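In what follows, a single structure is set out as structure tokens and then discussed.
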Amino acid sequence: MKKLVLLLIAVCMVVTCFACGGKDKKGWKDPFEKPNKEKWADLPDHDFEEREFRISTRGGYANLECVVANEESEDIIDRALMLRNARVEDRYNVYVTAEEQSGQAFVHRDYVSESCKMNADQFDIAMTYVYESSPLITNGMVYNWAKLPYTKLAESHWINGMNKQFSVRDAIYTAISKMCISTVGQTVAMFYNRQLGDEAFGGEEFTNGLFETIRNGDWTYDALMKIVNEYQYEDLSETNDGRTADDRYAFYMTFDWSIDTWHAAWEIPMIKNTEKNGLEDVYMTDKVIEYANRMHTMYHNTNNIFYGSQGDARNAFKGNRALFMTDSLGATINALADMENPYTILPQPKYDENQKDYRSAMFDNYSVMSIPISADPAFVSLIVEALSISSEDNVYPVYRVEALQGLYLSDTDSYEMLDIVLNNVSWDIATLLNEHFPMMTIVRFDVQNNPMNSQVSQAYNGMKNDIADALQDIMEAFDMFQDN
């Protein structure tokens with residue numbers, strides 16, 4: 001208890017300083033103002049006699065979502081994470097620990113899989129990448145969260161929209177709560193260099209007009225491309241050697257998974273998921289074909305757009321060589337922390353004027369949580385519930401404020417744009433099931449491999465029957481193991 005009291009004092013001091021510096025920010029709320037007192041009080045009490053609660057995760061995520069690397073840290077996110085853990089540890093007499101495996105794709109998932117096969121008691125919960133997690137489900141290696149005694153998936157400390165999308169009928173094996181703050185950092189937006197925009201188009205009126213366009217719901221693909229085509233490409237080399245990465249462009253796109261994000265931004269579903277019918281393939285439509293054609297136009301047939309790696313795009317944006325780029329929101333507190341020019345985060349544009357709302361995608365590196373069949377499900381259910389409630393109180397809002405209303409966002413318009421991005425996130429279970437059928441990447445590979453002409457229809461037709469078979473197998477697996 002003494003440790004918790006001291007930590008509370010330290011955190012309150014940090015939050016007080018932070019609040020004083022940001023009290024004029026529109027929409028800013030003290031994340032410690034209204035804790036979930038009723039939820040916390042309703043949790044059952046138990047003394048677990050200094051038992052460890054062991055979290056297995058990937059490189060780079062342990063100190064983001066689980067435990068801190070340095071208990072002397074004054075970073076507000078670290079302090080919030082320590083407070084969350086101390087509250088749970090103090091109440092239940094447990095110790096929260098983290099085991100960090102490689103962050104390389106599939107390494108951690110394979111470790112979890114092997115542990116489950118051996119029924120080894122190596123961890124209590126696994127936090128794996130979403131895109132690699134489905135084999136844990138279809139091989140019956142993890143518990144069904146919907147059947148656990150203390151898990152209340154309908155409560156706000158769980159991210160309900162995602163969990164509903166990742167359920168099949170009444171079963172969910174990879175759940176997401178507000179412990180998983182990587183979901184915030186992996187949310188995708190457009191980044192706009194305000195100085196370049198104002199310089200290119202006649203002053204602040206352009207930026208103000210862009211905000212007004214977004215407010216009015218008129219920020220569409222056509223509106224974006226109008227700006228892109230009107231922007232003056234500039235050859236910055238002394239040798240006039242043609243378009244290179246060192247020149248200035250309207251849009252620096254990344255030749256990778258950012259292509260996938262337009263599924264969400266343009267409301268293009270892949271798998272329809274309903275309680276009545278389960279999983280249905282709804283992928284191939286005229287809209288998908290047009291989506292692929294637009295990607296070909298942007299990547300291969302627009303002079304004012306250049307593409308490369310995410311690192312190249314960030315360097316161009318920070319070096320004032322790109323008016324727009326797309327990136328994760330987490331970039332605001334790491335990759336762009338030293339950017340000098342003011343920038344604003346914007347929603348990705350709508351497909352057209354008929355699309356009702358803006359939609360935000362997530363890169364697929366965020367965490368989902370699974371309980372291995374070797375674990376004690378009641379113990380894990382209770383501790384995760386407590387950690388999730390405390391995360392909603394202490395960690396999730398702090399991360400959103402620090403990451404998304406941080407160093408370079410100093411005006412109310414920017415916060416308004418961020419609210420649009422965060423309040424309109426979209427998910428598709430095809431992301432979770434990527435190991436069984438890579439629908440998410442069909443257009444991406446088409447753009448990468450067929451620069452002259454799209455062959456997206458042919459690619460889909462070549463896997464259509466396999467997708468149907470996989471969906472049937474997955475639904476049977478969800479039903480078969482739901483009593484785990």
Side-chain angles (χ1 to χ4, degrees), residues 1-8 11 31-57 65-68 80-99 121-127 142-160 162-164 166-167 170-181 183 367-398 481-484:
M1 177 62 74
K2 182 178 179 181
K3 176 184 177 182
L4 178 56
V5 170
L6 291 174
L7 184 55
L8 276 166
V11 171
F32 298 89
E33 183 181 3
K34 296 180 179 179
N36 291 310
K37 293 180 180 178
E38 291 183 7
K39 290 182 183 180
W40 188 254
D42 288 344
L43 287 169
D45 289 316
H46 193 86
D47 183 351
F48 286 105
E49 300 179 345
E50 300 186 348
R51 182 174 176 178
E52 284 190 348
F53 179 74
R54 302 160 300 171
I55 305 173
S56 181
T57 188
E65 298 177 315
C66 307
V67 297
V68 299
L81 194 61
M82 284 189 282
L83 175 58
R84 180 199 74 181
N85 289 353
R87 288 182 71 197
V88 176
E89 290 172 342
D90 184 72
R91 177 162 182 177
Y92 289 106
N93 195 12
V94 297
Y95 289 101
V96 178
T97 63
E99 149 190 280
D121 183 24
Q122 295 176 311
F123 50 87
D124 298 298
I125 191 170
M127 300 181 75
V142 292
Y143 282 103
N144 178 8
W145 286 96
K147 297 292 181 71
L148 300 182
Y150 305 109
T151 302
K152 298 181 180 179
L153 293 170
E155 295 289 341
S156 60
H157 50 275
W158 293 88
I159 303 180
N160 302 320
M162 297 181 75
N163 289 325
K164 182 178 180 181
F166 291 169
S167 302
D170 294 328
I172 179 168
Y173 303 91
T174 51
I176 304 101
S177 82
K178 289 182 177 174
M179 285 178 62
C180 307
I181 61 172
T183 55
S367 301
V368 294
M369 301 188 296
S370 302
I371 306 174
I373 54 176
S374 59
D376 176 350
F379 168 66
V380 178
S381 175
L382 179 56
I383 300 303
V384 169
E385 195 71 8
L387 286 168
S388 299
I389 290 171
S390 191
S391 292
E392 184 175 48
D393 287 346
N394 307 128
V395 184
Y396 197 79
V398 170
F481 300 120
Q482 67 173 291
D483 291 327
N484 279 2

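These numbers were taken from a predicted model, which means no experiment stands behind them.
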- Query: Under 3.5 Å, is there a donor-acceptor pair between the side chain of Asn85 and the main chain of Cys66?
  - Reply: yes
- Take Asn144 and Ile172 through the side-chain contact (heavy atoms from CB on, under 4.5 Å) test and state the conclusion after the steps. CA-CA 5 Å; Asn144 178 8; Ile172 179 168; 4.2 Å; yes
- Message: Let's go through His157 and Ser177 carefully: what are the C-alpha distance in whole Å and the side-chain angles of both, what is the deciding distance for side-chain contact (heavy atoms from CB on, under 4.5 Å) to 0.1 Å, and is it a yes or a no?
- Response: CA-CA 6 Å; His157 50 275; Ser177 82; 5.8 Å; no
- Glu392 and Trp158: CA distance, side-chain angles, deciding distance, side-chain hydrogen bond (donor to acceptor under 3.5 Å, both in side chains) verdict: CA-CA 9 Å; Glu392 184 175 48; Trp158 293 88; over 6 Å; no
- Task: State whether Lys39 and Asp393 are salt-bridged, where the test is any N-O pair (Lys NZ or Arg NE/NH1/NH2 against Asp/Glu carboxylate O) under 4.0 Å.
- Result: no
- Under a 4.5 Å cut-off applied to non-hydrogen side-chain atoms, are Thr174 and Trp145 in contact? no
- Query: Does Lys164 NZ have over 12 foreign heavy atoms under 6.0 Å away?
  - Reply: no
- Task: Could you please spell out the steps behind the side-chain contact (heavy atoms from CB on, under 4.5 Å) verdict for Arg51 and Asp376?
- Result: CA-CA 12 Å; Arg51 182 174 176 178; Asp376 176 350; 3.6 Å; yes
- Check the angle between the aromatic planes of Phe48 and Tyr92 and answer parallel, tilted or perpendicular using the 30° and 60° thresholds. tilted
- Message: Within the 3.5 Å criterion, strictly below it, is a donor on Thr57 or Glu65 matched to an acceptor on the partner's side chain?
- Response: no
- Is Lys152 paired with Asp42 through a side-chain N to carboxylate O contact shorter than 4.0 Å? no
- Taking side chain as C-beta onward, heavy atoms only, is Asp121 less than 4.5 Å from Arg54? yes
- Between Asn394 and Ala80, is there a donor-acceptor pair closer than 3.5 Å when you use the side chain of the first and the backbone of the second? no
- Query: Side chains of Val67 and Thr97: does their closest heavy-atom pair fall under 4.5 Å?
  - Reply: no
- Message: For Phe53 and Ile125: C-alpha separation, side-chain torsions, deciding distance, then whether side-chain contact (heavy atoms from CB on, under 4.5 Å) applies.
- Response: CA-CA 8 Å; Phe53 179 74; Ile125 191 170; 3.8 Å; yes
- Item | Residue that, paired with Arg84, satisfies side-chain hydrogen bond (donor to acceptor under 3.5 Å, both in side chains) out of Ser388, Ser391, Ser390 | Ser391
